Asks: 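Next up is a structure, given as structure tokens.
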Amino acid sequence: MNTAPKSEAELLERARQIAGMSFGDLAKPANMRVPDNLKRDKGWVGQLLEWHLGATAGSKPVQDFPEIGVELKSIPIGYNGKPLESTFVCVAPLTGITGLTWEASHIRNKLSRVLWLPVEGEREIPVAERRVGSPLIWSPSKQEEALLKNDWEELMDLIALGDVNQITARSGEVLQIRPKAANSRAKTEAYGTNGQPIKTLPRGFYLRASFTSYILETYFA
DNA sequence: TCCTGATCATTT
DNA sequence: AAATGATCAGGA
């Protein structure tokens, strides 16, 4: 089932059809080998779900389903029903951000419509036995978007002022910035305190687990 | 136990 | 190097 869904309804239908299935069962038709753990296959679950739902974007910086304007996010859930991890959204721009507004940002576009797909994530469950949960299609409410926008503006102000190296994961109520790189030696261009170019660790935007937990709780029930 | 900072694979 | 897909791992 690797053709692109023609509508949101079709995408949701496919997601509902794989709900309850194990990764082992889903891996067979996709011709994917199930890893013993995800240490060296951190994106495996996401790619497995992309195959079944017909995502087409690959590694391009656009939504997973650009034709219907939907982003797919798998989210690992623990025994307590809550997310085990934060959710990576996209790379944080560190240059060329003069005049960039929340409304025109890449992150807002990605979060404008999200298909959340909860998956069993406890490490003690063998990967092949972990199951997919029920999908949730979501767009941020005005309140939720205001929270995101506020965090984004504070973080982007720091970046614009050359204070990217002062940003830690503690900043941001629902949206945070953390390293997003192969390792701590990776470098990318950014602004220094006096506006001069500097090299710094690449960063990404992540949604705090407390925020995604709230979303799932609020819209599932 | 939680959560921040670090890390892994792949593709372009 | 930068974008995608994320989870790992250890110190607070």
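So that the names make sense, note that chain A is the first sequence line, chain B the second, and so on, each numbered from 1. Only a predicted model underlies this, so the values are computations on that prediction, with no experimental measurement involved.
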Asks: On DNA chain C, nearest-nucleotide positions of A/Gly121 versus A/Glu71: which is more 5'?
Replies: A/Glu71
Asks: According to a strict under-4.0 Å criterion, is A/Ser86 in side-chain N/O contact with OP1 or OP2 of B/dT4?
Replies: no
Asks: I need the CZ-P distance between A/Arg40 and C/dA9, as an integer number of Å.
Replies: 10 Å
Asks: Any side-chain N or O of A/Gln47 under 4.0 Å from OP1/OP2 of C/dT4?
Replies: no
Asks: Main chain of A/Gln196, side chain of A/Asn194: is a donor-acceptor contact present, judged purely on distance under 3.5 Å?
Replies: no
Asks: How close or far is atom P of C/dT4 from atom CD1 of A/Ile107, stated in whole angstroms?
Replies: 11 Å
Asks: May I ask you to decide if A/Ala209's main-chain N or O and A/Thr212's side chain share a donor-acceptor pair within less than 3.5 Å?
Replies: yes
Asks: For C/dA2, does either OP1 or OP2 sit under 4.0 Å from a side-chain N or O belonging to A/Thr188?
Replies: yes
Asks: OH of A/Tyr206 versus P of B/dT7: gap in Å, rounded?
Replies: 13 Å
Asks: So what does A/Lys187 hit on the nucleic acid, given a heavy-atom distance under 4.0 Å: a base, only sugar-phosphate, or nothing?
Replies: sugar-phosphate
Asks: OP1 or OP2 of B/dG5 less than 4.0 angstrom from a side-chain nitrogen or oxygen of A/Arg170, does that happen here?
Replies: yes
Asks: Donor-acceptor pair, A/Gln63 side chain versus A/Asn109 backbone, under 3.5 Å?
Replies: yes
Asks: Mind checking if A/Pro76 touches a base, just sugar-phosphate, or nothing, with heavy atoms under 4.0 Å?
Replies: sugar-phosphate
Asks: Base, sugar-phosphate, or nothing: which does A/Arg123 touch, judged by heavy atoms less than 4.0 Å apart?
Replies: base
Asks: Measure the distance from CG on A/Asp41 to P on C/dC8 and round it to the nearest whole Å.
Replies: 11 Å
Asks: On DNA chain B, check which nucleotide each of A/Asn183 and A/Asn80 is closest to and give me the residue with the more 5' one.
Replies: A/Asn80
Asks: In whole angstroms, how far is the P atom of B/dT7 from the NZ atom of A/Lys42?
Replies: 9 Å
Asks: What's the closest nucleotide to the A/Gln176 side chain, out of C/dA3, B/dA6, B/dT4?
Replies: B/dT4
Asks: To the nearest angstrom, how far is A/Arg178 atom CZ from C/dA6 atom C1'?
Replies: 10 Å
Asks: Looking only at the side chain of A/Pro179 (C-beta and beyond, no hydrogens), which of the listed nucleotides B/dT7, C/dC8, C/dT4 gets closest?
Replies: B/dT7
Asks: From CG of A/Asp64 over to P of C/dA6, roughly how many Å is that when rounded to an integer?
Replies: 7 Å
Asks: So what does A/Ala209 hit on the nucleic acid, given a heavy-atom distance under 4.0 Å: a base, only sugar-phosphate, or nothing?
Replies: nothing
Asks: What about A/Lys39, does its side chain sit under 3.5 Å from the base of B/dT7 through a donor-acceptor pair?
Replies: no
Asks: Is it true that A/Tyr214 and A/Glu144 share a donor-acceptor pair across their side chains at a distance under 3.5 Å?
Replies: yes
Asks: Counting N and O atoms only, with roles assigned by atom type, does the side chain of A/Glu217 sit under 3.5 Å from a partner on the main chain of A/Ser213, one being a donor and the other an acceptor?
Replies: no
Asks: Here's a test of your reading of the structure: between A/Ser74 and A/Glu189, which maps to the more 5' nucleotide of DNA chain C?
Replies: A/Glu189
Asks: Assess the side chains of A/Tyr79 and A/Glu120: does a donor N or O sit below 3.5 Å from an acceptor N or O?
Replies: no
Asks: For A/Leu175 and B/dT4, give me the distance from atom CG to atom P, rounded to whole Å.
Replies: 13 Å
Asks: A/Lys73 near the nucleic acid: base, sugar-phosphate alone, or nothing, with a heavy-atom cut-off under 4.0 Å?
Replies: sugar-phosphate
Asks: With sugar-phosphate meaning primed atoms plus P, OP1 and OP2, does A/Gly43 contact a base, only sugar-phosphate, or nothing at under 4.0 Å between heavy atoms?
Replies: base
Asks: When you match A/Arg185 and A/Glu85 each to their closest nucleotide on DNA chain B, which lands nearer the 5' end?
Replies: A/Glu85
Asks: Scan A/Lys110 against the nucleic acid and name what it touches under 4.0 Å (heavy atoms): base, sugar-phosphate only, or nothing.
Replies: sugar-phosphate
